[in-house]
Amino acid sequence: MTPAARLALLLVVLAAAAGSLFLWNPRRFLTQGLLAPDVPAVWAGLGFVLVFAIGTLAFFPKPVLNVAAGVFFGIPAGLVLAVAGTTLGAVLAFALGRGLGREALQPFLKGKMLGALDRRLTEQGFRSVFLLRVVPGVPFQAVNFAAAFSGVRLRSFAAATALGVLPGTAAYVVAGSSASSPTSPAFLISAGVMVALAVLTFGSMWRSRRAINAPTAHGVA
């Protein structure tokens, strides 16, 4: 297949994954199937990780799955499973992007801005991916494909993802685990962390919008 054909296939796969959510819901699939009382804990955990990964690849809201991990598995196990599912989903997206899209998009990485981003991700893969995961407001899938289209090594990408998503994932897992006790310190702390993450996200989006509009306003003046 030509690079353009592989890129088109990538877009089709992602569109199909997102469209599949009209046919199935990861949370409903878990509660009514894999996490039923008669399912062994080991299979329930493995199934959760797989559904989590496929759900993130289909652009299902990751915080919902993080909360579900806390509700059904508690804090320690839920956190491990949520991070594992997040990392697996990121690796699947990375593999698709690296295998189907990178070659076709290489000519577009020669521009000044995209070229600088490509060099940074290639030369400082772990550090760059880690920072992008920790900073609130950076779209999860955008990081996956930006890394896939650059020269980041898979091992560095996976390790940086697992560590970078840990703080935010922990807040949602703890909230899910302690949702039945909304006045408990654990729930209040996790809720505070989630509010702080939301404020930081909106603040980052606002600053980015100002940075984009500033040159335009200056030119008009």
Side-chain angles (χ1 to χ4, degrees), residues 9-36 39 43-75 77-101 129 132-149 157-158 160-179 190-191 193-195 197-198 200-202 204-205:
L9 179 59
L10 172 62
L11 297 177
V12 169
V13 170
L14 294 178
S20 70
L21 292 178
F22 289 103
L23 303 176
W24 75 294
N25 181 293
R27 188 172 183 179
R28 188 182 305 116
F29 184 79
L30 289 169
T31 56
Q32 298 179 1
L34 287 174
L35 301 183
V39 177
W43 291 113
L46 291 175
F48 181 84
V49 170
L50 183 59
V51 171
F52 195 121
I54 296 174
T56 58
L57 187 63
F59 303 95
F60 188 81
K62 196 162 68 67
V64 176
L65 296 172
N66 289 333
V67 171
V71 171
F72 294 109
F73 296 99
I75 296 176
L79 180 58
V80 171
L81 293 174
V83 171
T86 299
T87 305
L88 179 58
V91 168
L92 290 176
F94 180 93
L96 285 171
R98 178 63 59 88
L100 297 177
V129 173
L132 289 172
R133 294 303 193 194
V134 170
V135 174
V138 181
F140 181 74
Q141 290 288 21
V143 177
N144 294 339
F145 291 108
F149 298 150
F157 171 80
T161 295
L163 292 176
V165 302
L166 193 57
T169 300
Y172 285 98
V173 170
V174 171
S177 178
S178 57
S190 63
V193 171
M194 288 188 291
V195 171
L197 290 173
L200 289 173
T201 297
F202 285 116
S204 176
M205 294 171 60

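Side chains are part of it too, since the values below use all heavy atoms of this structure and drop only hydrogens, waters and symmetry mates.
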Checklist entry - Do the side chains of T161 and V83 get nearer than 4.5 Å, heavy atoms only? => result no
Checklist entry - Excluding sequence neighbours, so at least two apart, what forms side chain to side chain donor-acceptor pair (under 3.5 Å) with T169? => result none
Item to check | Minimum-distance pair of heavy atoms, taken over all atoms of L81 and G45 | outcome: CD2-O, 3.8 Å
Checklist entry - Do V143 and R133 have side-chain heavy atoms sitting under 4.5 Å apart? => result yes
Next on the checklist: Using ring centroids (six-membered ring only for Trp), state whether F48 and F73 fall under 6.0 Å.
Outcome noted: yes
Next on the checklist: Restricting to ring-ring contact (aromatic ring centres under 6.0 Å, His included), what partner residues turn up for F157, sequence neighbours left out?
Outcome noted: F94
Checklist entry - Would you say the side chain of L96 lies within less than 4.5 Å of the side chain of L92, judging by non-hydrogen atoms? => result no
Next on the checklist: So L88 and F52, do their side chains get closer than 4.5 Å, heavy atoms only?
Outcome noted: no
Next on the checklist: I need the full list of side chain to side chain donor-acceptor pair (under 3.5 Å) pairs touching residues 57-72, with sequence neighbours left out, sorted by first then second residue.
Outcome noted: none
Checklist entry - Given side chains that start at C-beta, do those of R98 and F149 come closer than 4.5 Å, heavy atoms only? => result no
Checklist entry - Taking all atoms of both residues into account, what is the closest heavy-atom pair of P26 and L65, and its distance? => result CB-CD2, 4.1 Å
Checklist entry - What's the shortest heavy-atom distance between Q141 and A93, and which atoms? => result OE1-CB, 3.5 Å
Checklist outcome for this item: Here the pair of heavy atoms bringing A69 nearest to V173 is CB-CG2, 4.4 Å
Item to check | Test ring-ring contact (aromatic ring centres under 6.0 Å, His included) applied to F60 - qualifying residues, sequence neighbours left out | outcome: none
Next on the checklist: Between F145 and L14, is there a side-chain heavy-atom distance shorter than 4.5 Å?
Outcome noted: yes
Checklist outcome for this item: The complete set of side chain to side chain donor-acceptor pair (under 3.5 Å) pairs with one or both residues in residues 14-26, sequence neighbours excluded, reads S20-W24
Checklist entry - Minimum heavy-atom separation for A158 to V91, with atom names? => result CB-CG2, 4.0 Å
Checklist entry - Side chains of S177 and V71: closer than 4.5 Å at any heavy-atom pair? => result no
Next on the checklist: The criterion is side-chain contact (heavy atoms from CB on, under 4.5 Å); which residues satisfy it with A146, sequence neighbours excluded?
Outcome noted: L121
Checklist entry - Heavy-atom distance under 4.5 Å between the side chains of L79 and L166, does that happen here? => result yes
Checklist outcome for this item: Between P167 and L163, the two heavy atoms sitting closest are CD-O, 3.8 Å
